[in-house]
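Lettering follows sequence order; numbering is per chain, from 1. All values below were derived from every heavy atom in this structure, side-chain atoms included, with hydrogens, water molecules and symmetry-related copies excluded.
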2 protein chains.
Amino acid sequence: MSRRPMVRPGGRSARVQEAVHTAVRELVAEVGRDALTVPQVATRAGVTPSTVYRRWGDLKELLSDVAVERLRPETPPDDLGNLSADLTAWAEEFLDEMSSPPGRAYIRDALLGDPDGGNGGQCSAYAAEQIDVVLTRAAGRGEPAPDVETVIDRVVAPMMYRILFRPDGLTPTYAHRLVTGLLAAGA
Amino acid sequence: MSRRPMVRPGGRSARVQEAVHTAVRELVAEVGRDALTVPQVATRAGVTPSTVYRRWGDLKELLSDVAVERLRPETPPDDLGNLSADLTAWAEEFLDEMSSPPGRAYIRDALLGDPDGGNGGQCSAYAAEQIDVVLTRAAGRGEPAPDVETVIDRVVAPMMYRILFRPDGLTPTYAHRLVTGLLAAGA
DNA sequence: CCGCTAGAAGCAAGGATTTTGCATTAAGGT
DNA sequence: ACCTTAATGCAAAATCCTTGCTTCTAGCGG
């Protein structure tokens, strides 16, 4: 009954993963995602193409990996003193980042190369985590607050739906209106 | 000063498009989407691969085309006598179809091979059209009814978000709850 | 500290896919 | 009926993907 050396996150494998991810980001910026190929990435990363194919299986799975990493929030949401302001600010920033051309590209990539649905779930978990911070903070202040699932249904889902299906005409006002509509309903 | 014969929707082109679409549907059913290749489709359709590459550019764009066609509603929503019943029935059927494995595959295909966002917009337009029928009918009965955009935000978007990002645990009850929550808010 | 084991990467050949230039066909307009 | 031109067929060339085998190295036990 051995430990479980099934994976080797440290050492050479880690260096290769890092090099490949960096190569993807650089090349996407240089030649654009449509012109991106696996051999190109491999060469830039100083690796053979077969290594990339064996570890990621596919260009779209590799892009999905990179996309999920870039969609991870860097900082916790700002504390502006009350729930309405916190949620509005978070929603506006979320919409701004996600509706931009690179943001939409990352979302699509994350969904695209996603055999088991794990990457899409990860993106949703990131948003849920940020929202949970905001709501927990509000509860600590004694403010009435909806639960995370409700915020996802009422704020995140509408924004994401429009980003994916109707990318035109998205403004910060829309995010603000969603939050207002939710909180006005008597949380 | 010629008209503008920039496109030729009739005649041979139409036959080729039909043959290729049919070939895609048949082969997806036979060998599965992951094993699908452009040369395979071309052979089945009685066409050369270069024709497919020139017209669609890519396997995922072709799949996107086919997916949008299959996502078009076949019949108008049922008339059950009142808005709540109509909307609930429509939402439950929508969720059932879209959250099934083939439904999810079509949605993903439609979104992912979509350079200009036209196909995603088409899917959204289909849903909006169906909802409009339901709401117009309700207005004809004198019932108070929300507008289409509100139904999309409150019912369609949450379902679609969960289908794409969290495919587990979707039940007809969820669709029903969304509709109830919307109509209870005083339309 | 030293060897052992197995997962991960390199290499290269083979096969499949994608691209591209040129010839041919057939819509659609005059 | 003819002309123009988009669309297709054909085939060669380039590129990409797969795969069997070898080599390297991280992690582990002695």
(message) From CG of A:L62 over to P of D:dC16, roughly how many Å is that when rounded to an integer?
(response) 15 Å
(message) Tell me the interatomic distance from B:R12, atom CZ, to C:dA27, atom C1', rounded to whole angstroms.
(response) 9 Å
(request) Tell me, please, which residues at least two apart from B:A23 pass side-chain contact (heavy atoms from CB on, under 4.5 Å). (result) B:V41, B:R44, B:A45
(message) Counting only side-chain nitrogens and oxygens, does B:T48 get under 4.0 Å of the OP1 or OP2 atom of D:dT8?
(response) no
(message) According to side-chain contact (heavy atoms from CB on, under 4.5 Å), who are the partners of B:L112, at least two apart in sequence or on a separate chain?
(response) A:R108, A:L112, B:R108
(message) Without decimals, in angstroms, what is the distance between B:R15 CZ and D:dG9 P?
(response) 11 Å
(request) Identify, with sequence neighbours excluded, every residue that meets side-chain hydrogen bond (donor to acceptor under 3.5 Å, both in side chains) alongside B:E69. (result) B:H21
(message) Please report the distance, rounded to the nearest Å, between CD in A:Q17 and P in C:dA8.
(response) 12 Å
(request) For the pair B:N119 (side chain) and B:D114 (backbone), establish whether a donor and an acceptor sit closer than 3.5 Å, ignoring hydrogens and angles. (result) no
(request) Would you tell me if any nitrogen or oxygen in the side chain of A:R55 comes within less than 4.0 Å of OP1 or OP2 on C:dA9? (result) yes
(message) Counting only side-chain nitrogens and oxygens, does A:T51 get under 4.0 Å of the OP1 or OP2 atom of C:dG10?
(response) yes
(message) Tell me the interatomic distance from B:E18, atom CD, to D:dT8, atom P, rounded to whole angstroms.
(response) 14 Å
(request) For A:V16 and for B:P39, find the nucleotide of DNA chain C with the closest heavy atom, then tell me which residue's nucleotide is more 5'. (result) A:V16
(message) Through direct or indirect side-chain contacts below 4.5 angstrom among Ile, Leu, Val, Met, Phe, Trp and Tyr, which residues connect to B:Y126?
(response) B:V68
(request) Grab the CG-C1' distance between B:L59 and C:dA16 for me, whole Å please. (result) 14 Å
Name the pairs: protein N/O against N/O of nucleotides 19-21 of chain C, kept only if under 3.5 Å.
from   : atom 1 : to    : atom 2 : distance (Å)
C:dG21 : O6     : B:R54 : NH2    : 2.6

(request) Please identify each residue that fulfils side-chain contact (heavy atoms from CB on, under 4.5 Å) with A:R154, with sequence neighbours left out. (result) A:T150, A:L182, B:R154
